[in-house]
Amino acid sequence: MKVAYVRVSTAEQNESRQIEALQKHGIEKWYTEKISGKDTNRPKLQELLEFIREGDTVYIHDFSRLARSTKDLLEIVETITTKKKAHLVSNKENLDSSTPTGKLMLTMIAAINEFERQNLLERQREGIEIAKREGKFKGGQVKRIDDDLFSMAYAKYQNREITKMQLAKELKISRPTLDKLLKDKGLR
C-alpha cells in the first residue's frame with residue numbers, strides 16, 4: 001500500500017504544497033497533521049507507524065516532515081524500514097530506501113550521527129576531567145532531605161492533599177529526583 005505522511009508545524013501553515021508534490025505517487029492512504037515536529041509524540045505519525053505493514057511504501061515530502069533531530073529521524077526510519085519492513089521515499093532528498101543507493105545514504109546518515117554523538121561524549125568527558133582537576137566539578141550531588149519534613153509532606157501526598165508536583169516543591173527537589181527518591185524508599 002502507498003501511504004503518505006504530511007505535516008506542518010502550525011494551524012496557520014498550509015500542507016497543500018506537500019500534498020501536491022506527493023500526489024504523483026498514487027497515494028492510497030494519507031496521514032496529515034498540524035503539529036510541531038519537536039518530538040515523535042504525534043498522533044498521526046504514531047497511527048501511520050501502527051498501520052503500515054511489510055511491503056508498504058511511506059512517502060514524505062522531505063525528512064524535516066518526519067523529524068527535526070537526526071536521532072528521531074533515524075529511529076522513525078528504523079521503525080519503518082527494519083521493524084515494519086516497509087519502504088520510505090522522500091521526494092526532496094530523492095531517496096528511496098528500497099534501492100541500494102537509498103540504503104547507503106541512510107547508513108551514512110546513521111554513521112554521521114553516531115560519530116557526532118561519540119565526539120560530544122568525548123568532549124564532555126574531557127571537560128569533566130579538567131573541571132575535576134581544577135576542583136570545580138562535584139558530580140551529581142545526593143540531595144539530603146530531613147526525614148521529618150519528608151514524612152509530613154509524604155503523608156499529605158498519600159491523603160491526596162497535594163499533588164506529586166506539589167510534594168516535590170515542598171521538598172525543594174525536581175520531579176525526577178522525587179521519583180528516584182520514592183523508588184529508593186520503595187514508595188510510589
Side-chain angles (χ1 to χ4, degrees), residues 5-13 15 31-52 58 60 63-84 86 88 106-107 109-188:
Y5 179 72
V6 174
R7 182 189 65 78
V8 291
S9 298
T10 65
E12 293 81 36
Q13 292 177 324
E15 65 275 4
Y31 289 90
T32 304
E33 60 189 340
K34 294 185 178 198
I35 191 168
S36 171
K38 70 178 170 21
D39 59 38
T40 60
N41 187 18
R42 290 174 262 149
K44 292 296 181 182
L45 174 63
Q46 295 306 318
E47 275 182 44
L48 176 140
L49 295 175
E50 284 293 317
F51 176 81
I52 58 174
V58 176
I60 56 172
F63 283 133
S64 69
R65 301 302 85 208
L66 272 185
R68 276 202 215 147
S69 76
T70 307
K71 177 184 170 287
D72 286 348
L73 176 63
L74 290 172
E75 286 176 4
I76 294 168
V77 169
E78 181 180 341
T79 299
I80 292 169
T81 60
T82 305
K83 293 178 183 166
K84 293 292 193 158
L88 176 65
L106 288 175
T107 303
I109 291 168
I112 290 167
N113 182 56
E114 179 65 19
F115 176 73
E116 288 175 352
R117 178 77 182 134
Q118 293 304 317
N119 279 339
L120 176 107
L121 292 173
E122 183 61 30
R123 287 191 304 270
Q124 184 181 38
R125 280 191 293 272
E126 289 169 357
I128 289 171
E129 278 305 311
I130 291 168
K132 281 180 179 178
R133 282 196 308 267
E134 294 174 357
K136 296 177 182 175
F137 182 81
K138 306 282 190 249
Q141 301 297 309
V142 177
K143 303 276 184 189
R144 300 279 181 228
I145 297 170
D146 179 71
D147 287 336
D148 292 337
L149 173 65
F150 177 80
S151 296
M152 289 185 339
Y154 187 71
K156 284 193 229 174
Y157 172 69
Q158 285 292 87
N159 293 330
R160 300 189 187 275
E161 295 170 33
I162 59 174
T163 66
K164 205 172 204 183
M165 183 59 92
Q166 291 168 326
L167 174 60
K169 281 184 181 176
E170 278 199 32
L171 298 175
K172 295 182 176 70
I173 57 176
S174 69
R175 267 298 301 274
T177 300
L178 174 61
D179 291 338
K180 184 180 182 321
L181 176 69
L182 294 175
K183 183 180 176 188
D184 291 347
K185 291 181 176 279
L187 303 170
R188 340 183 260 136

- [ ] Check whether any side-chain N or O of Gln46 sits under 3.5 Å from a backbone N or O of Thr40 as a donor-acceptor pair, and report yes or no.
- [x] yes
Open item on the list: On a heavy-atom basis, which atom in Ser174 and which in Thr177 lie closest, and how many Å separate them?
Closed with: OG-OG1, 2.9 Å
- [ ] Could you tell me which non-hydrogen atom of Ser36 sits nearest to which non-hydrogen atom of Arg68, and how far apart they are?
- [x] OG-NH2, 2.9 Å
Open item on the list: More than 12 heavy atoms of other residues, nucleotides or ligands under 6.0 Å from NZ of Lys164: yes or no?
Closed with: yes
Open item on the list: Please check: side-chain N/O of Lys84 versus main-chain N/O of Leu49, any donor-acceptor pairing under 3.5 Å?
Closed with: yes
Task: Nearest-0.5 Å distance that lies between atom CD in Glu78 and atom CG in Leu88 - done: 13.0 Å
Open item on the list: Counting neighbours of NZ on Lys44 that are heavy atoms of other residues, nucleotides or ligands and sit closer than 6.0 Å, is the number greater than 12?
Closed with: no
- [ ] Mind checking side-chain hydrogen bond (donor to acceptor under 3.5 Å, both in side chains) for Asp39 and listing every partner two or more places apart, or none if nothing turns up?
- [x] none
Task: Counterpart residues, salt bridge (charged side-chain N to carboxylate O under 4.0 Å, His left out), relative to Glu122 (two or more places apart) - done: Arg125
Open item on the list: Taking the cut-offs as 6.0 angstrom to the six-membered ring centre and 45 degrees off its axis, would you call Lys185 and Phe150 a cation-pi pair?
Closed with: yes
- [ ] Please identify each residue that fulfils side-chain hydrogen bond (donor to acceptor under 3.5 Å, both in side chains) with Asp148, with sequence neighbours left out.
- [x] none
- [ ] Could you tell me whether the side chain of Gln124 and the main chain of Leu121 form a donor-acceptor pair under 3.5 Å?
- [x] no
TODO: Quick one: list whatever passes salt bridge (charged side-chain N to carboxylate O under 4.0 Å, His left out) with Lys156, sequence neighbours left out.
DONE: Glu170
Task: Verdict with supporting geometry, Leu45 and Ile76, side chain to side chain contact (heavy atoms under 4.5 Å, CB included) - done: CA-CA 9 Å; Leu45 174 63; Ile76 294 168; 3.7 Å; yes
TODO: Look up atom OH in Tyr154 and atom CG in Asn159, then write down how far apart they are to the nearest 0.5 Å.
DONE: 10.5 Å
Task: Residues forming a salt bridge (charged side-chain N to carboxylate O under 4.0 Å, His left out) with Lys172, sequence neighbours excluded - done: none
Task: Gap separating the CG atom of Leu181 from the CD1 atom of Ile145, nearest 0.5 angstrom - done: 5.0 Å
Task: Between CD1 on residue Ile52 and OH on residue Tyr31, distance to nearest 0.5 Å - done: 9.0 Å
Open item on the list: Could you check whether Glu33 and Tyr5, counting side-chain N and O atoms only, form a donor-acceptor pair closer than 3.5 Å?
Closed with: yes
TODO: List in chain and number order the residues that pass salt bridge (charged side-chain N to carboxylate O under 4.0 Å, His left out) with Asp184, two or more places apart in sequence or in another chain; answer none if no residue qualifies.
DONE: Lys180
TODO: Check for a donor-acceptor pair, side chain of Arg7 on one end and backbone N or O of Arg65 on the other, with a separation under 3.5 Å.
DONE: yes
Open item on the list: Main chain of Val8, side chain of Gln13: is a donor-acceptor contact present, judged purely on distance under 3.5 Å?
Closed with: no
Task: Inter-residue atom distance Leu171.CG - Leu178.CG, 0.5 Å rounding - done: 6.5 Å
Task: Enclosure of Asp147 CG (heavy-atom neighbours >12, cutoff 6.0 Å) - done: no
- [ ] Please examine the side chains of Lys132 and Glu129, heavy atoms only from C-beta on, and report whether any two atoms are closer than 4.5 Å.
- [x] yes
- [ ] State, with a plain yes or no, whether a side-chain heavy atom of Leu66 is found less than 4.5 Å away from one of Val58.
- [x] no
